[in-house]
Amino acid sequence: LRLFSEYSKPDPPPVSLLRHPDVMAIFVRDLFNPLKAINLTHRAKYVYVLAYAVSVRDDRGQGGALDKSGIAETTAAIDAILPIVLKNSFGAELMQAFPVIKEHLRFPVVGMGVIQWVRTIVQDSNYWATSYTPMHLDLLREVALRHALLRPDVLDMFMTYFDAETQLDALAKLEMKRAILDNMIFLLRCGCVMPVVVAVQGRAVRMDHGLLRHFMLMTLESIEPPYSSVFVSGILAIVNATSGIVEALKGSESRPIVSLFFEQCIDMPGLSDDDKKSVARLNDTLNGR
């Protein structure tokens with residue numbers, strides 16, 4: 001690798017060149033791919049350049065110094081999880097490796113690598129032959145917990161799971177989608193509110209009504225006023241996507257929670273007149289008025 005040669009010199013180029021998103025994506029995609037074999041010698045160079053990109057502080061342009069002190073620690077973290085990724089660990093093997101991965105997830109680059117690993121294996125049709133591995137969802141959740149900037153990527157992976165065409169039987173598929181919604185609620189509670197609402201809104205028409213009901217209840221139990229008008233509009237779009245969801249929300253468990261939310265929104269400042277009318281209409285329908 002020419003980049004390895006250049007960045008091993010006493011006076012290397014600016015680190016900013018390595019931090020271009022396209023360059024970073026290439027290194028992460030190639031390194032954390034169990035379906036792509038990289039020569040061991042080349043792999044070490046890949047790891048060095050990636051560790052350099054994410055850990056070096058280069059203040060030479062402002063008259064400062066080049067601080068490479070973080071390279072060794074970052075390299076060790078990447079090297080610790082690469083064998084797990086490249087072996088494509090599953091089941092009991094993955095469970096045994098989970099503490100090792102979790103220990104090194106404090107490094108954002110490891111989080112990026114885990115996301116890429118899961119993205120690669122989910123795209124393999126063999127992954128869905130008989131079941132899915134909830135532990136991969138646990139790994140993504142752990143990434144989201146530790147690294148706010150990676151939450152959009154984690155949400156994207158959750159939706160990839162949700163939309164996947166699988167060979168699972170109907171019950172297993174429903175259980176999987178419910179588990180994914182639970183993880184999306186976790187993201188919502190972490191502050192990733194509107195991206196989660198928008199993701200569900202875009203799928204509401206074709207979602208199972210029981211799943212939509214579950215999402216609504218879990219969401220409304222996680223929030224409290226004041227609400228933004230954008231958030232309320234998003235929730236209304238989900239409820240109005242199909243008439244069946246209102247019927248699903250009429251149960252004794254869900255009606256008080258949803259009705260309280262609607263009542264809190266009816267006179268909310270900043271809410272459009274159309275949305276206020278929609279809130280009132282839905283609340284009346286929900287309560288049989």
Side-chain angles (χ1 to χ4, degrees), residues 19 21-36 46-47 50-51 53-55 70 73-91 93-124 127-128 132-164 176-200 215 218-219 222:
R19 290 176 176 162
D22 291 342
V23 176
M24 293 284 292
I26 290 171
F27 278 93
V28 172
R29 185 181 65 235
D30 288 354
L31 264 179
F32 295 91
N33 185 347
L35 306 180
K36 182 171 183 175
Y46 267 65
V47 171
L50 182 58
V54 300
S55 66
E73 187 180 28
T74 307
T75 298
I78 297 172
D79 283 338
I81 72 157
L82 270 183
I84 301 168
V85 170
L86 299 179
K87 194 175 181 180
N88 211 7
S89 302
F90 274 81
E93 195 173 49
L94 179 56
M95 187 176 296
Q96 187 176 10
F98 194 91
V100 177
I101 301 174
K102 188 174 179 179
E103 176 188 351
H104 294 94
L105 271 178
R106 62 190 178 91
F107 294 89
V109 69
V110 172
M112 294 165 62
V114 166
I115 294 171
Q116 178 57 44
W117 173 32
V118 177
R119 179 180 291 115
T120 301
I121 60 177
V122 166
Q123 291 171 349
D124 183 357
Y127 179 78
W128 301 104
Y132 78 104
T133 304
M135 193 164 290
H136 289 131
L137 294 177
D138 293 341
L139 285 172
L140 292 173
R141 183 172 175 142
E142 193 70 29
V143 172
L145 177 64
R146 293 168 181 252
H147 304 295
L149 293 179
L150 294 179
R151 286 170 190 162
D153 296 310
V154 171
L155 176 60
D156 181 64
M157 279 308 310
F158 285 154
M159 300 325 299
T160 298
Y161 262 90
F162 196 90
D163 296 335
M176 180 197 74
K177 288 180 180 293
R178 186 182 177 98
I180 294 166
L181 286 177
D182 287 341
N183 281 281
M184 291 172 64
I185 293 297
F186 173 79
L187 278 181
L188 183 144
R189 290 170 177 165
C190 286
C192 195
V193 178
M194 286 313 301
V196 169
V197 171
V198 169
V200 174
F215 174 79
M218 295 294 289
T219 297
S222 302

Set of ring pair (Phe, Tyr, Trp, His ring centres under 6.0 Å) partners for Phe162, sequence neighbours left out: none

Rounded distance [0.5 Å steps], CG in Asn88 versus CG in Leu94: 9.0 Å

Salt bridge (Lys or Arg N to Asp or Glu O under 4.0 Å) contacts in which one or both residues fall within residues 140-151, not counting sequence neighbours: Glu142-Arg146

Shortest non-hydrogen contact between Phe32 and Ile81, atoms and distance: CE2-CD1, 3.6 Å

Closest non-hydrogen atom pair between Val100 and His104, with its separation: O-ND1, 2.9 Å

Pairwise side-chain contact, Met218 with Leu181, heavy-atom cut-off 4.5 Å (strictly under): no

Euclidean distance, Met157 CE relative to Leu150 CG, rounded to 0.5 Å: 13.0 Å

Residue pair Thr120 / Pro34: nearest heavy atoms and the distance that separates them: CG2-CD, 4.0 Å

Distance, nearest 0.5 Å, that separates CG of Leu140 from CD1 of Ile115: 6.5 Å

Asp153 vs Met112 side-chain heavy atoms within contact, under 4.5 Å: no

Donor-acceptor under 3.5 Å (Arg19 side chain, Met24 main chain): no

Member of Ile78, Val47, Leu31 meeting the side-chain contact (heavy atoms from CB on, under 4.5 Å) criterion with Val109: Ile78

Neighbour count >12 (heavy atoms, 6.0 Å) for atom CG, Leu149: no

Spacing of Tyr161 atom OH and Asn183 atom CG [to the nearest 0.5 Å]: 10.0 Å

Qualifying salt bridge (Lys or Arg N to Asp or Glu O under 4.0 Å) pairs, either residue in residues 103-114, two or more places apart: Glu73-Arg106

Close side-chain approach of Val54 to Phe107, heavy-atom, < 4.5 Å: no

Exercise: identify the closest heavy-atom pair between His147 and Leu105: NE2-O, 2.5 Å

Taking every non-hydrogen atom, the tightest pair across Ile180 and Phe158: CG2-O, 3.4 Å

Worked verdict on Thr160 versus Gln123 for side chain to side chain contact (heavy atoms under 4.5 Å, CB included): CA-CA 9 Å; Thr160 298; Gln123 291 171 349; 5.6 Å; no

Qualifying salt bridge (Lys or Arg N to Asp or Glu O under 4.0 Å) pairs with a residue from residues 79-90, counting only residues at least two apart or across chains: Lys87-Glu93

Which donor-acceptor pairs under 3.5 Å do side chains of residues 186-197 form with protein atoms, sequence neighbours excluded?
from	atom 1	to	atom 2	distance (Å)
Arg189	NE	Ser222	OG	2.7
Arg189	NH2	Ser222	OG	3.0

With Arg178 via salt bridge (charged side-chain N to carboxylate O under 4.0 Å, His left out) - residues at least two apart: none

Non-hydrogen atoms of Val28 and Gln116 that approach each other most closely: O-CG, 3.7 Å

